[in-house]
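Notes follow the structure.
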Amino acid sequence: MGFAGTGKIWMNGTLADWADAKIHIASHVIHYGSGVFEGARCYDTPKGSAVLRLDAHMKRLLASAKVYRMDSPYSQPQLETAVLDTIRANQFKACYIRPLMYRGYNQLGVNPLSCPVDVAVMVWEWGAYLGPEALEQGVDVCVSSWNRMAPNTFPSLAKASGNYANAQLIRMEADLNGYNEGIALDTAGYVSEGSGENIFVVREGAIYTPPFSASILPGITRDMVMSIAQDLGYRVTEEMLPREILYLADELFFVGTAVEITPIRSVDKIRVGAGRRGPITEAIQRRYSQIINGEVPDTHRWLTYLDRAESAGREPAAVAAKGR
Ligand SMILES: Cc1ncc(COP(=O)(O)O)c(C=O)c1O
């Protein structure tokens with residue numbers, strides 16, 4: 001099996017054993033992709049394990065649910081507590097975190113409104129998403145023949161399970177053609193994002209990234225990178241970017257929870273800049289790494305330490321379900 005599993009999975013307020021964490025085949029989510037989810041990471045720092053941007057991830061989960069008219073059974077603090085409890089239960093120092101809110105089992109018409117909204121949190125150990133050398137050496141990517149979703153079709157601001165049908169097409173095509181990842185354009189032909197990461201362009205000392213209107217997921221790493229770049233004195237502009245900027249950039253890099261900051265060294269076999277990690281990418285990557293590993297003061301308050309997270313005033317997650 002490619003994925004050995006972990007100890008416990010949080011399901012609707014109870015910690016279930018991995019082997020028992022099952023849902024019914026008639027669950028709405030299986031047939032119609034009616035779920036929203038998150039991907040976050042917990043890092044092992046000298047001051048203890050800490051979840052990066054826990055609040056922002058749970059806020060985006062609830063925002064995604066809102067778009068799909070899912071009434072979350074749990075509040076944001078309850079979801080945050082659920083994540084922390086799941087990591088503690090599995091005794092990981094560092095891990096990837098996957099909260100999932102989905103339409104469960106009731107009926108199988110397309111209209112999901114009568115189906116229950118269920119929540120699960122999984123955690124597992126997951127290293128560098130595009131391979132261990134990628135962070136230093138960079139990756140070779142292509143422009144996908146698949147576009148990101150057109151506006152007013154699948155909302156890109158929601159991190160919805162169904163959106164990842166599109167992401168899978170992009171990723172499979174890239175892999176099968178020998179690339180590490182694909183970059184999708186939006187339906188107007190402007191640069192959007194990778195199958196699971198946002199993108200930044202460096203040209204003549206300035207930094208650019210596509211805006212929300214280019215069918216991107218509003219990435220939390222993207223948000224951090226914009227702050228870090230500004231802290232380091234760079235100007236970052238959110239701008240619609242033509243495809244050819246990918247070939248003319250001095251530096252390009254992906255950002256995301258899974259890939260962290262990963263340099264791109266070629267696009268469609270055209271070398272980006274000097275064909276290796278550029279100096280601005282490296283400076284941002286270094287600061288990002290120092291922050292997530294707790295090596296510099298957490299001035300933006302991005303880390304939630306596991307052993308210091310307040311449970312006081314919060315209901316224990318296991319009994320925290322609103323109205324359950
Ligand atoms: C399509 C897509 N874009 C961008 C990102 C990066 O978002 P974040 O930095 O919040 O992980 C992700 C990862 O979740 C993604 O799946």
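All values below come from the heavy atoms of this structure, side chains included, with hydrogens, waters and symmetry mates left out. All values reported here derive from a predicted model rather than from experimental measurement. Counting starts at 1 for both ligands and their atoms, following the listed order.
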Would you check if [X] and [Y] make a side-chain contact, meaning some heavy-atom pair closer than 4.5 Å?
X: Val83; Y: Leu54; value: yes
X: Ile183; Y: Phe254; value: yes
X: Val51; Y: Leu84; value: yes
X: Tyr288; Y: Val255; value: no

Problem - Glu251 side-chain N/O to Thr281 backbone N/O, donor-acceptor pair under 3.5 Å - result: yes
Pairs under 3.5 angstrom only: tabulate donor-acceptor contacts from the side chains of residues 207-220 to other protein residues two or more places apart or in another chain.
from: Thr209; atom 1: OG1; to: Ile199; atom 2: O; distance (Å): 2.6
from: Ser215; atom 1: OG; to: Met149; atom 2: O; distance (Å): 2.8

Below 3.5 Å only, please: the N or O atoms of ligand 1 paired with protein N or O atoms, distance on each line.
from: ligand 1; atom 1: 3 (N); to: Glu193; atom 2: OE1; distance (Å): 2.7
from: ligand 1; atom 1: 9 (O); to: Ile220; atom 2: N; distance (Å): 3.3
from: ligand 1; atom 1: 9 (O); to: Thr221; atom 2: N; distance (Å): 2.8
from: ligand 1; atom 1: 9 (O); to: Thr221; atom 2: OG1; distance (Å): 2.5
from: ligand 1; atom 1: 10 (O); to: Arg60; atom 2: NH1; distance (Å): 2.8
from: ligand 1; atom 1: 10 (O); to: Arg60; atom 2: NH2; distance (Å): 3.0
from: ligand 1; atom 1: 10 (O); to: Ile220; atom 2: N; distance (Å): 2.8
from: ligand 1; atom 1: 11 (O); to: Thr257; atom 2: N; distance (Å): 2.9
from: ligand 1; atom 1: 11 (O); to: Thr257; atom 2: OG1; distance (Å): 2.6
from: ligand 1; atom 1: 14 (O); to: Lys159; atom 2: NZ; distance (Å): 2.6
from: ligand 1; atom 1: 16 (O); to: Lys159; atom 2: NZ; distance (Å): 3.4
from: ligand 1; atom 1: 16 (O); to: Tyr164; atom 2: OH; distance (Å): 2.4

